[in-house]
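Everything below concerns the one structure shown next.
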Amino acid sequence: MGLSRVRAVFFDLDNTLIDTAGASRRGMLEVIKLLQSKYHYKEEAEIICDKVQVKLSKECFHPYNTCITDLRTSHWEEAIQETKGGAANRKLAEECYFLWKSTRLQHMTLAEDVKAMLTELRKEVRLLLLTNGDRQTQREKIEACACQSYFDAVVVGGEQREEKPAPSIFYYCCNLLGVQPGDCVMVGDTLETDIQGGLNAGLKATVWINKNGIVPLKSSPVPHYMVSSVLELPALLQSIDCKVSMST
């Protein structure tokens, strides 16, 4: 790590600043209620939602071939057909998808203590939001949680040539803020994208948000720091800057 102070912090969005996984679970619960009450899918409702969850986790999205709405409606259509048999039911699939999506977005909020932390940090360093994913999906989340005003810049992977962990997107972020990689810290919950990306780009430090106390695989990228909550970041940044002061 270089001997300059931290000048910029890059934040991941999903499950770092907002509880995307929790919001998604709430969306699934609403769909289960709908399928059970309106369509009398008693046992099948949970099976369908579990199947969709698996499809989402394996999703490969190519914006040139399809739109995210069509792709995700197809996840529901396939899951319903796999579970219930019979002809495909696109109309029901659309109803499920839009209920899941709208419920999910309603529950994507920036907590008050996170807003306060970002506001205070921004007095000292530049802040940038760096999120992977489809342009439409990520922009909808950013709008839903109203987080744009807390950052000096917002970069969505789906709008760039490459996403995290490619070094190019990190260099693009550095150029936007007028800083060097050695001035920046990457904060995120995913070792393979956030942490590996920060390491690939030679950032000053990487901070892994490990909320659930996961033990990483031996082959996983090794972050410089690990915390259980993003709210621990201000104290950590202070200690990084203290090390710089002592070194100089």
Side-chain angles (χ1 to χ4, degrees), residues 9-37 45-59 61 68-69 71-73 75-76 79 95-119 121 127 129-151 154 156-158 163-164 186-195 207-216 220 223 226-234:
V9 181
F10 302 164
F11 283 94
D12 173 52
L13 178 65
D14 294 301
N15 302 309
T16 296
L17 293 175
I18 60 172
D19 183 12
T20 307
S24 191
R25 278 194 299 275
R26 290 196 180 197
M28 291 295 181
L29 289 173
E30 287 303 311
V31 177
I32 289 169
K33 276 192 230 167
L34 170 83
L35 290 173
Q36 289 179 338
S37 61
E46 287 190 33
I47 297 166
I48 289 165
C49 287
D50 288 345
K51 283 180 182 288
V52 170
Q53 199 61 60
V54 171
K55 291 175 194 294
L56 286 167
S57 70
K58 295 178 177 173
E59 191 171 81
F61 178 64
I68 196 78
T69 300
L71 177 68
R72 290 190 168 169
T73 304
H75 294 337
W76 286 97
E95 190 177 359
C96 292
Y97 167 64
F98 286 109
L99 176 60
W100 169 75
K101 177 181 156 175
S102 62
T103 306
R104 189 168 93 123
L105 286 172
Q106 280 166 24
H107 288 97
M108 286 189 184
T109 52
L110 268 190
E112 291 304 319
D113 49 8
V114 173
K115 289 180 188 175
M117 177 197 71
L118 293 172
T119 302
L121 278 180
L127 302 185
L129 185 68
L130 175 55
T131 174
N132 273 5
D134 162 59
R135 178 188 184 282
Q136 179 191 327
T137 306
Q138 296 310 102
R139 289 288 172 187
E140 283 171 349
K141 290 177 190 170
I142 289 162
E143 193 176 332
C145 71
C147 67
Q148 192 143 2
S149 61
Y150 293 91
F151 294 94
V154 172
V156 175
E163 296 193 306
K164 297 178 285 186
M186 178 69 212
V187 181
D189 70 306
T190 309
L191 290 171
E192 295 74 22
T193 54
D194 302 317
I195 303 309
V207 181
W208 183 37
I209 311 289
N210 184 6
K211 288 178 192 166
N212 304 317
I214 297 161
V215 178
S220 294
M226 181 177 77
V227 293
S228 60
S229 162
V230 75
L231 298 173
E232 296 173 50
L233 190 67

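All heavy atoms count here, side chains included; hydrogens, waters and symmetry mates do not.
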Say you draw a straight line from [atom1] of [X] to [atom2] of [Y]; how long is it, rounded to the nearest 0.5 Å?
X: D134; Y: R139; atom1: CG; atom2: CZ; value: 11.5 Å
X: T69; Y: Y97; atom1: OG1; atom2: OH; value: 4.0 Å
X: L13; Y: L110; atom1: CG; atom2: CG; value: 8.0 Å
X: L191; Y: S220; atom1: CG; atom2: OG; value: 5.0 Å
X: C96; Y: I32; atom1: SG; atom2: CD1; value: 10.5 Å
X: F11; Y: T16; atom1: CZ; atom2: OG1; value: 9.0 Å

A side-chain contact here means heavy atoms from C-beta on lying under 4.5 Å apart; do [X] and [Y] qualify?
X: V54; Y: K51; value: no
X: L129; Y: L17; value: yes
X: V9; Y: V187; value: yes
X: K211; Y: D189; value: no
X: V227; Y: I209; value: yes
X: D194; Y: F10; value: no
X: N132; Y: Q138; value: no
X: R104; Y: K141; value: yes

Donor-acceptor pair, side chain of S102 and main chain of L99, under 3.5 angstrom: yes
I142 backbone acceptor or donor facing Q148 side chain under 3.5 Å: no
Side-chain donor-acceptor pairs under 3.5 Å in residues 22-30, sequence neighbours left out?
from: S24; atom 1: OG; to: W100; atom 2: NE1; distance (Å): 3.2
from: R26; atom 1: NH1; to: H107; atom 2: NE2; distance (Å): 2.9
from: E30; atom 1: OE2; to: K33; atom 2: NZ; distance (Å): 3.0

For E232, which residues count as a side chain to side chain donor-acceptor pair (under 3.5 Å) partner, sequence neighbours excluded? S228
Looking at [X] and [Y], what are the two nearest heavy atoms and their distance?
X: M108; Y: I18; result: SD-CD1, 3.9 Å
X: L118; Y: F151; result: CD1-CZ, 4.1 Å
X: P223; Y: I195; result: CA-CG2, 3.6 Å
X: K55; Y: A79; result: CE-N, 3.9 Å

Given side-chain contact (heavy atoms from CB on, under 4.5 Å), test R72 with K101 step by step and report yes or no. CA-CA 10 Å; R72 290 190 168 169; K101 177 181 156 175; over 6 Å; no
Mind checking side-chain contact (heavy atoms from CB on, under 4.5 Å) for E143 and listing every partner two or more places apart, or none if nothing turns up? none
Could you please spell out the steps behind the side-chain contact (heavy atoms from CB on, under 4.5 Å) verdict for L105 and E140? CA-CA 8 Å; L105 286 172; E140 283 171 349; 4.2 Å; yes
